[in-house]
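Below you'll find the structure, written out as structure tokens, and then a few comments.
Counting starts at 1 for both ligands and their atoms, in listed order. All values below were derived from every heavy atom in this structure, side-chain atoms included, with hydrogens, water molecules and symmetry-related copies excluded. The residues of the chain are indexed from 1 along the displayed sequence.
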Amino acid sequence: MSVEHAAVQRADFDQVMVPNYAPAAFIPVRGQGSRVWDQGGRELVDFAGGIAVNTLGHAHPALVKALTEQANALWHVSNVFTNEPALRLAKKLVDATFAERVFFCNSGAEANEAAFKLARRVAHDRFGPEKYEIIAASNSFHGRTLFTVSVGGQPKYSDGFGPKIQGITHVPYNDLEALKAALSDKTCAVVLEPIQGEGGVLPAERAYLEGARALCDAHDALLVFDEVQTGMGRTGSLFAYQHYGVTPDILSSAKSLGGGFPIGAMLTTDALAKHLAVGTHGTTYGGNPLACAVAEAVIDVINTPEALDGVKARSEQFMQRLRQIGERYGLFSEVRGLGLLIGCVLSDAWKGKAKDVLNAAEKEALMILQASPDVVRFAPSLVIEQADIEEGLARFERAVAKLTQ
Ligand SMILES: *Cc1c(COP(=O)(O)O)cnc(C)c1O
């Protein structure tokens, strides 16, 4: 039995929504695995994964079960009380990572906000008020709150909103000498994405992250990894830091963590966590039982050798086929990334035209992403079926063939 809803269309978006997004012309209404159906019943293959969120595709039975069971038990109690799903999820994250302590919130921006505030608080408590500078990479992305856009090195997101958060310096990514020159004893933290996601799916070099770790240690600065996009199996390791073998002091997670249910987490050590004493930070919804129950189901499925090896196998298949398509049609200069976070860098002739590639894919009933105007991005479900990979790549080739004709 379904509830009667008033009919709505894409055109309504332009009437009732703040115009900060430009959504596609169709409205998805249902998803199953890596297939999505729109209002008109058209079936699409989903290689976008809700921007690296839908780790287990749509309507995965384990997630539906976790959500409905929790929905029948307890939705929300606030942090005046703790709850069982939050404690279970925190234990699993602690067991699976370097971290000893977890702070839950609702998004990537909030996880980073907590990370940056913790880094400043630790430096303040240990070394006094002069040590507050944060060094981040140009062209990075850490979210849309004022602190996180200030740390993200993209003026188009941070300018025009009045004074920014002070004490933030940007250096070119993957340039260890530049990082070395920027660090001082006033630096409280270095903030890096192990792979720059929004900035164009640009992986860090291992030596860069190792060098950053050593520089932070030498200057009593904390190393913060923003793994909002790279975490929870996306790269074929549970977190990308494990792939690189470089351990941060603070790590932020969100996106894939909830598999489609909003949740964020900041992970850190005992010694650092104690600086966020009672009352220093918080959020009403953080650790919400519904969100944590779903995330627990996500980690149960993803943090297994079979699932993580599956990411690597799927990755090879994607990369190989995308390189082939790129060469055949002269579209890409490079296919890069790790695991199932893949970026196809457009060749000179197609520079700035990622949106055209997205539109062409949509005409073939394929959902993909861009990462900057120069890179076509793929962030599909980590358990995407073989048949969906093949069908989606066939649709992609058709789109590219027509576009480049
Ligand atoms: C998406 C993203 C964020 C922001 O997450 P929200 O949930 O949109 O606030 C932060 N950092 C990285 C690396 C991201 O990819």
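Taking every non-hydrogen atom of Glu193 and a distance limit under 4.0 Å, the qualifying atoms of ligand 1 come out as 13 (C). Short contacts between ligand 1 and Ser107, defined as distances under 4.0 Å to a heavy atom of the residue, involve ligand atoms 7 (O), 9 (O).
Here His142 has backbone heavy atoms under 4.0 Å from ligand 1, and that is the only part of it that gets that close. Contacts with ligand 1 closer than 4.0 Å are made by side-chain heavy atoms of Asn112 only, the backbone lying farther away. Counting heavy atoms under 4.0 Å from ligand 1, residue Ala254 does not touch it at all.
A cation-pi contact links Arg42 to Phe26, judged by a cut-off of 6.0 Å to the six-membered ring centre and 45° from its axis.
A salt bridge between Lys312 and Glu316 is absent, with no side-chain N of the basic residue lying under 4.0 Å from a carboxylate O of the acidic one. With respect to Asp185 and Lys131, no salt bridge is recorded, no charged nitrogen being found less than 4.0 Å from a carboxylate O. One finds a salt bridge joining Arg213 and Asp217 here, because a Lys/Arg side-chain nitrogen approaches an Asp/Glu carboxylate oxygen to under 4.0 Å.
For atom 7 (O) of ligand 1, the closest non-hydrogen atom of the protein is Gly108 N, 2.8 Å. Of the protein's non-hydrogen atoms, Lys255 NZ, 2.5 Å is the one closest to atom 2 (C) of ligand 1. Counting only heavy atoms of the protein, atom 9 (O) of ligand 1 lies nearest to Ala109 N, 2.8 Å.
Taking the six-membered ring where the residue is Trp, Phe103 and His281 present tilted rings, their angle falling between 30° and 60°. Taking the six-membered ring for Trp and thresholds of 30 and 60 degrees, Phe98 and Tyr241 have ring planes more than 60 degrees apart, a perpendicular arrangement.
Checked against a 3.5 angstrom limit, the closest N/O atoms of Asp226 and ligand 1 fall inside it. Considering backbone and side-chain N/O atoms, Gly143 never comes within less than 3.5 Å of an N/O atom of ligand 1. Taking distance alone, with nitrogen or oxygen atoms compared against 3.5 Å, Phe141 approaches ligand 1 more closely than that limit.
The closest donor-acceptor contact from the side chain of Trp75 to the backbone of Ala71 lies under 3.5 Å.
With 3.5 Å as the limit, one finds a donor-acceptor pair spanning the side chains of Gln317 and Gln386.
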